[in-house]
Amino acid sequence: MLLIKELRDNRESVKERLWKRAFRNTELIDEIIDLDEKRRSIKAELDDLLNKTKTRSKEIGNLYKGGQREEAEQMKAEMASLKEQVRLREDEHRKLEVKIEEILVRIPNLPHESVPAGSSDADNVVVKEGGTMPSLPEGAQTHWELAAKYDLIRFEAGTKITGSGFPVFSGMGARLQRALVNFFLDRATRAGYHEFSPPLLVNKDSAFATGQLPDKDGQMYYINEDDLYLIPTAEVPLTNLFRDKLLKEEDLPQKLVGYTPCFRREAGSYGKDVRGLNRLHQFDKVEIVQIAHPEKSYEILDQMIDHVESLLLELELPYRLLRLCGGDLGFTSALTFDFEVYSAAQQKWLEVSSVSNFESFQANRLKLRFKDKDGKNRLLHTLNGSALAFPRIIAALLENKQTKDGIEMPAVLRPYLGFDKIA
RNA sequence: GGAGGAAUGGCGGAGUGGUCGAACGCACCGGUCUUGAAAACCGGAGACCCUUCACGGGGUCCGGGGGUUCGAAUCCCUCUUCCUCCGCCA
């Protein structure tokens, strides 16, 4: 959530920046500022009335103490109209606050200056490519064909048990997923991230604080009976560990990692790109999160990107790094880099990681601050990144590493797997 | 699920109708002492909102919401959470 002060102080540049990320309702900024102006003037009146009320109350107390009953009673009678005025102003004030909040929560984050202009993923900028493209054998198969051939994933079984988009991993497929969990967690731990295993259901406050609500309402699975949401990413519970916290500067940065399943309704996305593991309702992911000093967050963003890149290199996958354009930026993000791996048999780039700096957008909702050197409380910056999301990694591994007589596993996974090759 | 107790500042913990934003301790900041540090001593210091160029001034906040009262951390209602005991259970 943006700060109203920021809107007020930089009204026009805020609008321009929102425009850049394809947010067109910039008249809402004017509306907020107007409402806030009203709010502040009422607040001044309110405070004045409250001040009078308070003073009178004390006087009444003193009158009673001094035995001046009659005077006290008289003054009490006079209080009635004052109280009524207070009530009216309070009411008005609260209504304005609610109205402002309603609008404000629907304004996305301001893009970082380095975010390229653009309206869709076609305008994302490739900043780097790495790894080496495989040369596939004759008659190479897609990962869903390979999954069937070696009984790694049973898509139809998942459809029967739950519905489409809920695959069942089987045998060496399940082993491969488990190996990846351990590999990713070990690498993150080695890089200084503290491992957590958080709840998979979160309440409204948490979903709001990291920005899923109200923006992503309808995209999360919701348990009506208990008013809880299934997490779409570990970002939600992990970041919310720090909700309402006041940190010390020397405790920064905080680095956390968690492995969790993720649940997404993916309402409205049918047809294309949903074959096999490309898009699922439930998938597993290891997520890294950092809570950073505002002046260090971009440096940390780079570190997180390096970490993710190192994983892809170790897995021997061809990848590219994209700088997301304004139109493709997530609601809460100021700057996002995506990693895509090449899925050779599908001949498609698949997004496997998204690394973002949210600056103070989430911290504002989280009320996540630190005390700086001057003793002032300042909002922190939050960042996160997938490191990594499993299904598309698995898809790429299967397709890229296939040979005539099996699928070779990357060297780093062998100790975790207990085998070298799926055959 | 049943019975009882509790929720206070970054943390711990007093406070049961008026001058309490709140004693005290820890942590924190400044100073004295010291070659330096520690200890000791002295002093400072809550968060948020409104207002002011600034100094400052005003308001709100003692788990959330509502109520009683001229006045609530303190009384009442309600919700949430935690603890203890009983029951059930992976």
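Note that the structure is a prediction, hence the values are computed from the model and not measured. Side-chain atoms are counted along with the backbone in the values below, which use heavy atoms only and exclude waters and symmetry mates. In what follows, every chain begins at residue 1, and chains take the letters A, B, ... in the order their sequences are listed.
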Backbone N or O of A/H143 within a donor-acceptor pair of the A/E399 side chain at under 3.5 Å? yes

Atom C1', compared across B/rG65 and B/rG58: separation rounded to whole Å: 26 Å

When rounded to whole Å, the CD1 to P distance for the pair A/I42 and B/rG59 reads 19 Å

If you only use heavy atoms from C-beta on, which nucleotide in B/rA47, B/rC70, B/rC50 is closest to the side chain of A/K76? B/rC70

Which base sits across from B/rA6 as a Watson-Crick or G-U pair, both distances under 3.5 Å? B/rU81

For A/R56, report the nucleic acid contact type (base, sugar-phosphate, nothing); a contact means any heavy atom under 4.0 Å. nothing

Which base, if any, makes a Watson-Crick or G-U wobble pair with B/rG71, both distances under 3.5 Å? none

When the P atoms of B/rA27 and B/rC77 are compared, how many Å lie between them, rounded to an integer? 41 Å

Should A/D48 and A/K52 count as an ion pair when the cut-off is N to O under 4.0 Å? yes

Same-atom distance (C1') from B/rC26 to B/rU78, integer angstrom: 36 Å

For A/K43 and B/rG58, is the shortest distance between a side-chain N/O and OP1 or OP2 below 4.0 Å? no

Heavy atoms within less than 4.0 Å of RNA chain B: which residues of residues 79-106 of chain A have one? Give them sorted by number. A/M79, A/K83, A/R94

Just how far, in rounded Å, is P of B/rG46 from NZ of A/K245? 22 Å

From the options B/rG10, B/rA47, B/rU60, select the nucleotide whose nearest atom is closest to the side chain of A/K371. B/rA47

Over-ring placement of A/R378 relative to A/F370, 6.0 Å and 45° cut-offs: no

When you compare B/rA72 with B/rU16, how far apart are their C1' atoms, in angstrom units rounded to a whole number? 10 Å

Phosphate OP1/OP2 of B/rU51 contacted by A/R40 side-chain N/O (<4.0 Å): yes

CG of A/D36 versus P of B/rC50: gap in Å, rounded? 7 Å

Rounded to whole Å, CD of A/E45 lies from C1' of B/rC49 at a distance of 16 Å

No-hydrogen, no-angle side-chain donor-acceptor test under 3.5 Å, A/E316 and A/N400: no

Please give, in whole Å, the distance from B/rG57 P to A/L50 CG? 19 Å

Could you identify the nucleotide paired to B/rC89, looking across every strand shown and requiring Watson-Crick or G-U wobble geometry with both distances under 3.5 Å? none

Rounded to the nearest Å, what distance is computed from the CD atom of residue A/E70 to the C1' atom of nucleotide B/rC70? 17 Å

Tell me which nucleotide, if any, is Watson-Crick or G-U wobble paired with B/rG17 when both distances must be under 3.5 Å. none

Centroid-to-centroid, A/H112 to A/Y298, below 6.0 Å? yes

Write down the distance separating the C1' atoms in B/rU74 and B/rG17, rounded off to the nearest Å. 7 Å

May I ask you to decide whether A/R279 forms a salt bridge with A/E266, counting only side-chain N to carboxylate O separations under 4.0 Å? yes

C1' atoms of B/rG13 and B/rG87, separation to the nearest Å: 35 Å

Which whole number of Å gives the distance between the P atom of B/rU60 and that of B/rA73? 10 Å

What is the distance from CG of A/L366 to C1' of B/rC48, rounded to the nearest Å? 17 Å

Could a donor-acceptor pair under 3.5 angstrom be found where the side chain of A/D47 meets the base of B/rG58? yes

Pairing partner (Watson-Crick or G-U wobble, both distances under 3.5 angstrom) of B/rA27: none

Where each residue is assigned the nucleotide of RNA chain B containing its nearest heavy atom, which of A/N62 and A/R8 is assigned the position nearer the 5′ end? A/N62

To check you understand the geometry: which heavy-atom pair defines the closest contact between A/A234 and A/G258, and what is its length? CB-O, 4.3 Å

Heavy atoms from C-beta onward define the side chain here; which of B/rG10, B/rA27, B/rC70 lies closest to that of A/K248? B/rA27

Measure CD/A/E59 against C1'/B/rC70 and give the value in whole Å, please. 11 Å

When we call it a touch if two heavy atoms are under 4.0 Å apart, what does A/N377 touch: a base, just sugar-phosphate, or nothing? sugar-phosphate

Does A/R39 or A/T55 map to a spot on RNA chain B nearer the 5' end, using the closest nucleotide for each? A/R39

Using modelled atom types only, decide if a donor and an acceptor are shared between the side chain of A/H281 and the backbone of A/G165 within a distance under 3.5 Å. no

Nucleotide forming a Watson-Crick or wobble pair with B/rU32, both distances under 3.5 Å: B/rA40

By the definition ring-ring contact (aromatic ring centres under 6.0 Å, His included), identify the one residue from A/Y193, A/F339, A/F184 that meets it with A/H307. A/Y193

Taking only the side-chain nitrogens and oxygens of A/R369, find out if one of them lies under 4.0 Å from OP1 or OP2 of B/rC48. yes

In whole Å, measure the gap between the P atoms of B/rG9 and B/rA47 for me. 13 Å

Testing A/Q362, A/R243, A/R365 for side-chain contact (heavy atoms from CB on, under 4.5 Å) with A/T210, which one passes? A/Q362

Would you please confirm or rule out a distance under 4.0 Å between OP1 or OP2 of B/rG59 and any side-chain N or O of A/N51? yes

